Amino acid sequence: MQWLFRPYHRQFQQPLQTQHGAWAVRSGVLLKLEDEERVAFGEITPLDWFGTETLTTALAFCAQWQATRVAGEVDRADSGDGLEAELAAIPDHLPACQFGFGMLLEQWFYPQPERSPESQPKHSIAYLLPTGARAIAHLSQLTPPINDSSPCFKWKIGVATWADELAWFRQVMAALPPGARVRLDANGGLSWDAACAWLAVCADYPAVEFLEQPLAPNSVREMQQLGDRYPTPIALDESVATVRQLEQCLTAGWRGVVVIKAAIAGSPQRLRQVCQRYQPDIVWSSVFETAIARDYLLSRLIPSLTPQPRTLGFGTEHWFADAASSGRSPQALWETL
Ligand SMILES: [Mg+2]
């Protein structure tokens, strides 16, 4: 049996502007476990400005894991016990590693028969618009119309002045295709007053599906108050970055939507347990992972929890310079990325 890992770097076509600054390159680590009979892949997608470990820390952990495991230790005979013991050894400050190894070992110990692309579950996907005024021109150039009766778009806010953004927002709403919905994402960048101002405007636009993370991550109680006061639903994202934080918010009585970036939330097995217990209203979201992590999410994790999920926050592949990579097999991605 052979265990391998390698870093990858994917350039965005243009840097993604977020409340945390510009993001130009998505870096991560691919994991591979194989013997004569089978192969499993995993992926670590750190997002340190979102609170995960850095790429350097993840690579150091992989090197340590490789150095301290003798080949026989990860063996089919260990089955479920082996899986749990391996995963329990990964500390909570490495949530992206917990996910990467969690998906790798789950698929290693519990392989599923390969499915043809036609038999994969079909999901509708939210389309991430460029930030700021560029979204308006982008929407007007969308041809042919998106093949979806209720297309869903996501737009970042909290990145310019209120006056500019309000004017752009009204133009974005006017430029939407018929039946479309919009998710606004503030990445925790609004003050209480700014959040109230946005929600007062959104009240006139039922096409706003929700306002995502208006306030700082630790302001969950205030965000519950916003959700109770205005008609537009509030979604938590940064506040529920890890399984532990998600569980804390749900036990504290959070009643709104939760955006789960499973690839950086920690162990997918623990995430499954928490979601089965509390049944939250979930939007599954991407952290610009490759098809390796995405296929695990779409074909294993998500169907096991939300058979008919809200529109997925996965409409991100067109952001990459190498967008053609999306259709490749795990082995092809391993060889080419
Ligand atoms: Mg968000």
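Both ligands and their constituent atoms are indexed starting at 1 by order of listing. Computation of the quantities below employed the complete heavy-atom set of this structure, encompassing side-chain atoms and omitting hydrogens, waters and symmetry-equivalent molecules. Being a predicted model, the structure only gives us computed values, none of them experimental.
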- Message: Could you check whether Arg10 makes a cation-pi contact with Phe320, meaning its NZ or CZ is under 6.0 Å from the centre of the six-membered ring and within 45° of the ring axis?
- Response: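 Here Arg10 passes the 6.0 Å and 45° test against Phe320.
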- Query: Cation-pi between Arg38 and Trp108: NZ/CZ under 6.0 Å from ring centre and within 45° of the ring axis?
  - Reply: yes
- Message: For Leu211 versus Pro214, what's the shortest heavy-atom pair and its separation?
- Response: CD2-CB, 3.8 Å
- Message: Under 6.0 Å between ring centres: does that hold for Phe5 and Trp65?
- Response: no
- Message: I need the protein N, O or S atoms closer than 2.8 Å to the Mg ion (ligand 1), given as residue plus atom name.
- Response: Asp185 OD2, Glu212 OE2, Asp237 OD2
- Salt bridge flag under 4.0 Å for residues Arg270 and Glu247: no
- Item | Positive for ring-ring contact (aromatic ring centres under 6.0 Å, His included) with Tyr296, one of Trp284, Phe41, Phe99 |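 It is Phe99, the one option of Trp284, Phe41, Phe99 that forms the ring-ring contact (aromatic ring centres under 6.0 Å, His included) with Tyr296.
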